[in-house]
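One structure below.
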Amino acid sequence: YIGCVVDAIENAPHSNYKESILINRRLDSDLASELASMLGGIPVICEYDGRTVEDVVLVLGADYQKVTDSIDIISGKTGL
């Protein structure tokens, strides 16, 4: 089971992301890949940074509905 805690909600530097991405800051690469798969199979970009407190950063792109639908399925908020 993977648990997530939202630490901050902010706008990305620009708003023209065509697809959502998961930026891996500190997680084991297998765990980051598993999380990305759970979020609809979004790509993972590895930008390791030991100075930061966040494990990953989720950037929602134009395909954000795919990610939010996946979160709804995981949390049981759909009729599926």
Side-chain angles (χ1 to χ4, degrees):
Y1 180 77
I2 297 176
C4 297
V5 175
V6 175
D7 183 52
I9 298 173
E10 300 176 10
N11 289 326
H14 56 83
S15 61
N16 58 348
Y17 289 94
K18 293 185 184 206
E19 63 181 349
S20 300
I21 54 173
L22 189 69
I23 302 172
N24 183 9
R25 299 281 192 198
R26 300 171 14 137
L27 287 183
D28 173 79
S29 60
D30 290 339
L31 187 55
S33 293
E34 184 179 347
L35 179 57
S37 178
M38 293 174 71
L39 294 172
I42 63 175
V44 178
I45 296 174
C46 294
E47 290 183 358
Y48 293 109
D49 187 347
R51 300 168 295 167
T52 186
V53 295
E54 67 264 358
D55 292 329
V56 295
V57 175
L58 174 61
V59 178
L60 294 175
D63 65 344
Y64 71 92
Q65 191 67 50
K66 172 176 74 171
V67 176
T68 58
D69 288 349
S70 296
I71 292 170
D72 286 345
I73 291 169
I74 293 166
S75 65
K77 292 184 180 178
T78 67
L80 298 177

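The figures here come from the full heavy-atom set of this structure, side chains too, leaving out hydrogens, waters and symmetry mates. In this text, all values refer to a predicted model and were calculated from it rather than measured experimentally.
Counting non-hydrogen atoms of neighbouring residues, nucleotides and ligands closer than 6.0 angstrom, the CG atom of Asp28 exceeds 12 such neighbours.
Thr68 contributes a side-chain N or O that, together with a main-chain N or O of Gln65, makes up a donor-acceptor pair within less than 3.5 Å. A donor-acceptor pair is defined here as one N or O able to donate and one able to accept, closer than 3.5 Å; such a pair exists between the side chain of Asp63 and the backbone of Ser20. Of the possible polar contacts, one joining the Ser33 side chain to the Ser29 backbone as a donor-acceptor pair under 3.5 Å is found.
Salt bridge Asp69/Lys66: absent, no basic N to carboxylate O contact under 4.0 Å.
Counting all heavy atoms, side chain and backbone alike, Glu47 lies closest to Arg25 at OE1-NH1, 3.3 Å. Here the closest heavy-atom approach between residue Ile42 and residue Leu39 is recorded as CG2-O, 3.7 Å. Of all heavy-atom pairs between Asn24 and Tyr48, the closest is ND2-OH, 3.4 Å.
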For Asp55 and Arg26: C-alpha separation, side-chain torsions, deciding distance, then whether salt bridge (Lys or Arg N to Asp or Glu O under 4.0 Å) applies. CA-CA 5 Å; Asp55 292 329; Arg26 300 171 14 137; 3.4 Å; yes
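Between the CG atom of Leu22 and the OG atom of Ser37 there is a distance of 11.5 Å, given to the nearest 0.5 Å.
Through direct or relayed side-chain contacts under 4.5 Å between Ile, Leu, Val, Met, Phe, Trp and Tyr, Ile23 connects to Tyr17, Ile21, Ile45, Val57, Val59.
Looking only at side-chain heavy atoms (C-beta outward), Leu35 and Val44 stay at 4.5 Å or farther from each other.
Glu19 is linked by a salt bridge (charged side-chain N to carboxylate O under 4.0 Å, His left out) to nothing, counting only residues two or more places apart in sequence or in another chain.
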